[in-house]
Amino acid sequence: MMEFYNEMYEGDKVREPYARLRNWVDTMPDDFRQMKQAEAEELFRRIGITFAVYGEGGDPDRLIPFDMMPRVFEQNEWRKLERGIKQRARALNAFLRDVYGRGEIVRAGRIPARLVYQNEAYEKAVAGVVPPRGVYSHIIGIDLVRTGKDEFFVLEDNCRTPSGVSYMLENREIMMRMFPQLFRGNRIEPVDQYPELLRRTLESVAPAKCESRPNCVILTPGHFNSAYYEHSFLANLMGVELVEGQDLFVDGEFVYMRTTQGPKRVDVIYRRLDDPYLDPLCFRPDSMLGVPGLMDIYRSGGVSICSAPGAGVADDKAIYTFVPEMVRFYLGEEPLLKNVDTWTLWKEDDYKYVMENLPDLVVKEVHGSGGYGMLVGPKSTKAEIEEFRKKIEADPSNYIAQPTLALSTTPTFVDEGIAPRHVDLRPYCLCGDRIELVPGGLTRVALREGSLVVNSSQGGGVKDTWVLSE
């Protein structure tokens, strides 16, 4: 029987960070809790915070479940995580600078060449291009899981366009609106400076040809995209324009935005669409979402794209296994955050072990996301395991496997009252002229009893994340 670390308790005693919350829960009448839960859902609905699930029929836009019970970290816990996250962000950007340059880590035999240069996320179109300040991945979402009091592991890195930061900000806003007394009685670090830090980060990586305050925009695929709410939300908070590909055009050495006052030059594009759709002249010729000629301007230093095209090669699940080696190779340091033990199925011994132990493992597609394309062995039927086995046999290199982790639990409001549910954490690390992150992140919670899958598309919810001040 797997044991799970409950973040609220130290033995039979409530841990100090949760002491006041325990009193708050114990004195909250059931009818008041239900009223407040309904109020939170109404606020989310009124604001328009939804996520999209496609391929299941019906209306794809759904209200994300919100849990009112916050997750709490002590200051010393957060400091350890912050140091490890910043270290990992430095190493990932060093790796990107290297593999789009001389490829020293490959030459040294630390990472197989084919995993990098034959990776579908590696963009040959930007080989040799060095973006401003040498930063390729400007917003890195690092997914963390906890298995014990001092045991944190990185589950995966998100170096392209990590989503969910709007939930981090709105969770806090709604909690402060509904329970102001909690914030008066607890010393909680703020997260509302994130949009300001994000804008400052984007401005800090403006191209050399920018001679005044940079004009930044957010490039969205449009309102049909599952994260469109977040795109518009961030644009509003940052005070920048939200644009689609048709709003931008290339002229001479620069990119311009169409406005009612005439063309306006754009210096920094925070793109929220995938590489293949950025420029039909460079990538997918059938893309209607991008800007024709954009990559020529990017390569010549007329515009910055955040995160840079090709940054995705650093967060590939096969490359993930080598991130600790990146830390040692580029920084000369030991990793502060551990990887989860991972078997790569292109290795014969790993393949044999995984196929013999499928019922006990979690298997993921190398390029999968959102909780799709994966097998959670202990929670799957024999038929589901055998069906997945055939997929692996057909293309072993498309999969990795990991042990079923004993994810920590936090107290969560359920129909019966309060109960432990499994959680993960996604802090957002900003990389520009400096590396910064706000104290907190997005805590995702598996609301189904016994479930280890926290993705909203798979029945997961979100909750506010507190970091207590000293």
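Every residue two or more places apart in sequence or in another chain that forms a side-chain hydrogen bond (donor to acceptor under 3.5 Å, both in side chains) with Tyr330 is listed here: Asp98. In this structure Asp360 satisfies the salt bridge (Lys or Arg N to Asp or Glu O under 4.0 Å) test with no other residue, sequence neighbours excluded. In this structure, the salt bridge (Lys or Arg N to Asp or Glu O under 4.0 Å) partners of Arg213, at least two apart in sequence or on a different chain, are Glu203. Partners of Gln181 by side-chain hydrogen bond (donor to acceptor under 3.5 Å, both in side chains), not counting sequence neighbours: none found. Qualifying side chain to side chain contact (heavy atoms under 4.5 Å, CB included) partners for Arg160, counting only residues two or more places apart in sequence or in other chains: Ala121, Asp315. In this structure, the side chain to side chain contact (heavy atoms under 4.5 Å, CB included) partners of Tyr5, at least two apart in sequence or on a different chain, are Glu7, Arg15, Arg146, Lys149, Ser408. Under the salt bridge (Lys or Arg N to Asp or Glu O under 4.0 Å) criterion, Lys36 pairs with Glu39, sequence neighbours left out. Legend: residues meeting ring pair (Phe, Tyr, Trp, His ring centres under 6.0 Å) with Phe179, ordered by chain and number and at least two apart, are Trp24. Taking the ring pair (Phe, Tyr, Trp, His ring centres under 6.0 Å) definition, one finds that Phe183 meets it with Trp466, sequence neighbours left out. In terms of the salt bridge (Lys or Arg N to Asp or Glu O under 4.0 Å) criterion, residue partners of Arg444 (sequence neighbours excluded) are, by chain and number, Asp143, Asp424.
Under the side chain to side chain donor-acceptor pair (under 3.5 Å) rule, Glu470 has a single partner from Gln75, Arg79, Arg187, which is Arg79.
The number of heavy atoms from other shown groups lying within 6.0 Å of CD (Glu449) does not exceed 12. By the 6.0 Å contact criterion, CD on Glu384 is enclosed, its count of non-hydrogen atoms from other residues, nucleotides or ligands being greater than 12. Other residues, nucleotides and ligands place more than 12 heavy atoms under 6.0 Å from the CD atom of Glu104. Enclosure of atom OH in Tyr277 is not indicated, since only 12 or fewer non-hydrogen atoms of other residues, nucleotides or ligands lie within 6.0 angstrom. Other residues, nucleotides and ligands place more than 12 heavy atoms under 6.0 Å from the CG atom of Asp433.
Contacts classified as salt bridge (charged side-chain N to carboxylate O under 4.0 Å, His left out) and involving residues 228-245 (residues at least two apart or in different chains) are given here: Glu230-Arg272. Screening residues 403-413 for salt bridge (charged side-chain N to carboxylate O under 4.0 Å, His left out), with sequence neighbours left out, gives no hits.
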Residue pair Thr412, Met69: steps toward the side chain to side chain contact (heavy atoms under 4.5 Å, CB included) verdict: CA-CA 6 Å; Thr412 301; Met69 184 72 178; 5.6 Å; no

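Panel note: side chain Asp267, backbone Pro214; no donor-acceptor pair is recorded below 3.5 Å.
Under the 30°/60° scheme for interplanar angles, the aromatic rings of His422 and Phe4 are found to stand perpendicular. Classification of the Tyr428-Tyr194 ring pair by plane angle, with boundaries at 30° and 60°, yields perpendicular.
Side-chain atoms of Asn339 and Arg88 form a donor-acceptor pair, as typed in the model, at a separation below 3.5 Å.
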